[in-house]
Amino acid sequence: MEEKAYLIVAHNSAQMLLVNKTLKDNGIETDLVPAPPESGTVCAVAVKVVERDLEKAKSMIHDSKINITGIFEDKKMRLQGLIDEKIGLSVTSEFLNILKKIEEGENLLEKEIIYILSTNREKEIETIYATADRIRRETVGDVLEIRGAIEFSNYCAKKCKYCGINSLNNGVQRYRMDENEIMEVIKDIHDIGIRTVILQSGEDQSWSTERLAKLIKRIKDKTGMRITLSVGEKSFNDYEILKKSGANNFLLKIETTNKKLFDFIHPDGDYHLRLKCSKWLKELGYINGSGNIIGIPGQTIRDIAKDIMYFKDMGINMIGIGPFIPAEGTPFEILPHGDIDLTLRTMAVTRIVCKKVYIPSTTALASLDRDAQVWALKAGANTIMLINTPLKYRSNYRIYDDKNMVDLDAAIYAANKAGLKLPSYLRN
Ligand code: SAH
């Protein structure tokens, strides 16, 4: 049996890193994991220690005078009442066993994750979605989290085969926003009350780390908003500079954990480097975002199950799951798009396995069907990212074709239809 563990939650990421470093320097084994639901509403990182190290850890924290919010037992999340008398008649015994494990808060095995990703039995599917919805409610609540995204450059050095802005695609008109243009959009986002901005781009050398760091400081000074970066692979050093200048979150999707598949879709990519980047981000105290693409050619249900287990094992905090959508001018332009149902099912199973995480109802889903974002919010998702890129550039950030416009109206529509509440920080 696994040893009992405790989660140490600090006031902010700097304090959390200090706790982690202090313990590690004194020979205590730690892990960084999503903070438990009972520690408060902010999605934060906690330092995990096993029971036998707890007293030693406490006295070290006390001696070094680090202020912490609290220490919480790493409890299994129990869900009473998933199984009623009637359900046994319409589901298999294998499914009942999986439900029992979910009720008890036990970790699911790969084959069990594969089962719930692929079952075609109506009652089982219905139960999976209801369970994901309930776990979403009990871990992150009923309030939709709304964030604003600025796609500030579509220049990219990479050759990702699925992505419409890869460097080989001559069919895209390239653009790069400058600081002042970005700050104008920041003001708009801030004015409507949004608290987190996502800065996304291709891997654009002209937007150097120093330049980004300056921009981050400027945004922090002006608005105090939380900043999510999604600018691709960088060195540990660069990630550290960006963190110190004020970035809070980082979104770097693994896309697929199947190395063969990863190598196939990323001709100039390095799987181990991508993994390493994600570990660095975690070590540096970023709220760590990952995710995958559903429906890349050759991907199996088993691959998806392994992705979900990876998100859990890595302690990922934000998980972006979107269907593959072909992009003109790429090697994958004539392939069919990923399946909406499988994307929704992956979100639901990710919620069941990973519990307290942010799962966006992705733009890619919205691009396939106006109502798909509603379905995602009923299947475990809890976040919507608005596209705030200026109109004149928007159509050029064509990572895939017919990218939908997700604006505040679309988010409000989705929240209302899914029965989620709008956040109180929105003005009007
Ligand atoms: N350069 C950054 C941002 C990439 S764009 C980085 O490397 O992290 C953000 C996400 O869009 C990618 O992580 C990928 O999952 C998704 N994406 C790109 N092309 C796509 C396509 N054709 N279909 C579906 N998702 C795609």
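First listed ligand is number 1; within each ligand, the first listed atom is number 1. What's counted below: heavy atoms across the whole structure, side chains too, no hydrogens, waters or symmetry copies.
- Legend: ring pair (Phe, Tyr, Trp, His ring centres under 6.0 Å) pairs involving residues 288-321, not counting sequence neighbours: none detected.
- A donor-acceptor distance shorter than 3.5 angstrom exists from the side chain of Arg274 to the backbone of Lys253, with no hydrogens or angles considered.
- Under a 4.0 Å N-O distance rule, the pair Asp303/Lys306 does not qualify as a salt bridge.
- Side-chain atoms of Asn169 and Arg174 form no donor-acceptor pair, as typed in the model, at a separation below 3.5 Å.
- The list of ring pair (Phe, Tyr, Trp, His ring centres under 6.0 Å) pairs with a residue in residues 316-350, not counting sequence neighbours, reads Phe264-Phe332.
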Between the protein and ligand 1, are there any N or O atom pairs that come within less than 3.5 Å of each other, and if so, what are their names and distances?
unit_1   : atom_1 : unit_2 : atom_2 : d
ligand 1 : 1 (N)  : Ser201 : O      : 3.0
ligand 1 : 13 (O) : Glu255 : OE2    : 2.6
ligand 1 : 15 (O) : Lys253 : NZ     : 2.9
ligand 1 : 15 (O) : Glu255 : OE1    : 2.6
ligand 1 : 15 (O) : Glu255 : OE2    : 3.4
ligand 1 : 22 (N) : Tyr162 : O      : 2.9
ligand 1 : 22 (N) : Ile325 : O      : 2.7
ligand 1 : 22 (N) : Ile399 : O      : 3.4
ligand 1 : 23 (N) : Ile325 : N      : 3.0
ligand 1 : 23 (N) : Ile325 : O      : 3.4

Extract all donor-acceptor atom pairs below 3.5 Å that involve side chains of residues 344-353 and protein atoms in other chains or at least two apart in sequence.
unit_1 : atom_1 : unit_2 : atom_2 : d
Arg345 : NH1    : Ile116 : O      : 2.9
Arg345 : NH1    : Leu117 : O      : 3.3
Arg345 : NH1    : Thr119 : O      : 3.2
Arg345 : NH2    : Thr119 : O      : 2.9
Thr346 : OG1    : Leu342 : O      : 2.7
Thr350 : OG1    : Thr346 : O      : 2.6
Arg351 : NE     : Gly380 : O      : 2.8
Arg351 : NH1    : Lys355 : O      : 2.7
Arg351 : NH1    : Val357 : O      : 2.8
Arg351 : NH2    : Val357 : O      : 3.2
Arg351 : NH2    : Gly380 : O      : 2.8
Arg351 : NH2    : Asn382 : OD1    : 3.4

